[in-house]
Number of protein chains: 2
Amino acid sequence: MDIQLKRGLLDVCVLAAIKNEDSYGYKIIKDMKPYIELSESTLYTILKRLESAGMMTVRTAEHDGRLRKYYRITETGRKRIEEFKLEWKEVISVYQFVIKEDNHE
Amino acid sequence: MDIQLKRGLLDVCVLAAIKNEDSYGYKIIKDMKPYIELSESTLYTILKRLESAGMMTVRTAEHDGRLRKYYRITETGRKRIEEFKLEWKEVISVYQFVIKEDNHE
DNA sequence: TGTAATACATCGTATCACGAAGTATATAGC
DNA sequence: GCTATATACTTCGTGATACGATGTATTACA
């Protein structure tokens, strides 16, 4: 997918990836892969950003002798998803404008 | 609309604004306004970018004693719109992922 | 006379996705 | 034991780009 198009989707996608259960970086990438691909450097940047924005909280836990950082969505994060749904109406209207075929010619 | 979300839409929107008839900067902004707003500095940057990419051609014409730059879409520009339509399927799939409500809990 | 609308241009800034590179452990195959 | 692959997270530099601020001009209208 075009990188510019991704910009508006990635943040909310990552939030969606943890909205039903806590998850961690590596798993988030794999879960999102069928829908939208992103590199590790991109994801970890996003996770940090969303945490700073209070949209998720982190806890570190050991798993098979390795540390994992589990992310949990907050109420603010859920609100972001709801806002996105509202914004989607505008997106659809833009899409209609783009594909509209005028016939005044 | 969120600035990040706009990034994937603006270029193709500007192309759509001239796809049925040649237009110029000031008019493009007004035509797009009901769907998506953008500042003049943004538009003129986009116009230059799309011209460099061979998606539109320009001609300068006088109108009421003032110069106007009229933009015309090229075949490459029309192809860009068609690509966007194809990409839209992916966008919809991402949207479905975001709004999906799992019930395995 | 002055104020808004029309019309285009340039500059600096902040945001952000990405590739490259690095660190470290676990596991499976040979 | 050794090697490759998967897992897991981090940092750094770069390029793309939307925007506000600012500037230049002309026309139209009150």
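Convention: sequence-line order gives letters A, B, ...; per-chain numbering from 1.
With hydrogens and angles left out, the side chain of B:S39 and the base of D:dG20 share no donor-acceptor pair within 3.5 Å.
Atom NZ in B:K33 sits about 10 Å away from atom P in C:dT6, given to the nearest Å. Taking atom CD of A:E51 as the reference point, atom C1' of D:dC9 lies 14 Å away to the nearest angstrom.
Salt bridge A:K85/A:E82: present, at least one basic N to carboxylate O contact under 4.0 Å. Under a 4.0 Å N-O distance rule, the pair B:D2/B:K6 does not qualify as a salt bridge.
Side-chain N/O atoms of B:Q4 include none lying less than 4.0 angstrom from OP1 or OP2 on D:dA18. The phosphate of D:dT7 has OP1 or OP2 within less than 4.0 Å of a side-chain N or O from A:K30. Neither OP1 nor OP2 of D:dT27 sits under 4.0 Å from any side-chain N or O of B:R66. OP1 or OP2 of C:dC18 sits under 4.0 Å from a side-chain N or O of A:T42. When the side-chain nitrogen and oxygen atoms of B:K6 are compared with OP1 and OP2 of D:dT17, none of them lie within a distance under 4.0 Å. Within the 4.0 Å cut-off from OP1 or OP2 of D:dA8, at least one side-chain nitrogen or oxygen of A:Y24 is found.
We find the CZ-CZ distance between B:R59 and B:R72 to be 6.0 Å, quoted to the nearest 0.5 Å.
There is no side-chain donor-acceptor pair under 3.5 Å between B:T42 and B:T45. Between the side chains of A:Y24 and A:R68, at least one donor-acceptor pair of N or O atoms lies under 3.5 Å.
As judged by a 4.0 angstrom heavy-atom cut-off over every strand, A:K48 is placed among residues touching the sugar-phosphate backbone only. Residue B:R7 is classed as a base contact, given a heavy-atom separation below 4.0 Å to a base.
Residue A:Y26 places its side chain closer to D:dA8 than to any other of D:dC19, C:dC18, D:dA8. Checking C:dA7, C:dA17, D:dA8 against every side-chain atom of A:H63, the shortest atom distance belongs to D:dA8. In this structure, the nucleotide among C:dA20, D:dC19, D:dT10 sitting nearest to the side chain of A:K69 is D:dT10. Checked against C:dT15, C:dC8, C:dA17, the side chain of B:Y44 finds its nearest nucleotide in C:dC8.
Nearest-nucleotide assignment on DNA chain C puts the 5′-proximal partner with A:I46, out of A:I46 and A:G65. The nearest heavy atom of DNA chain C to A:D64 and to A:R49 marks one nucleotide each, and the one closer to the 5' end goes with A:R49.
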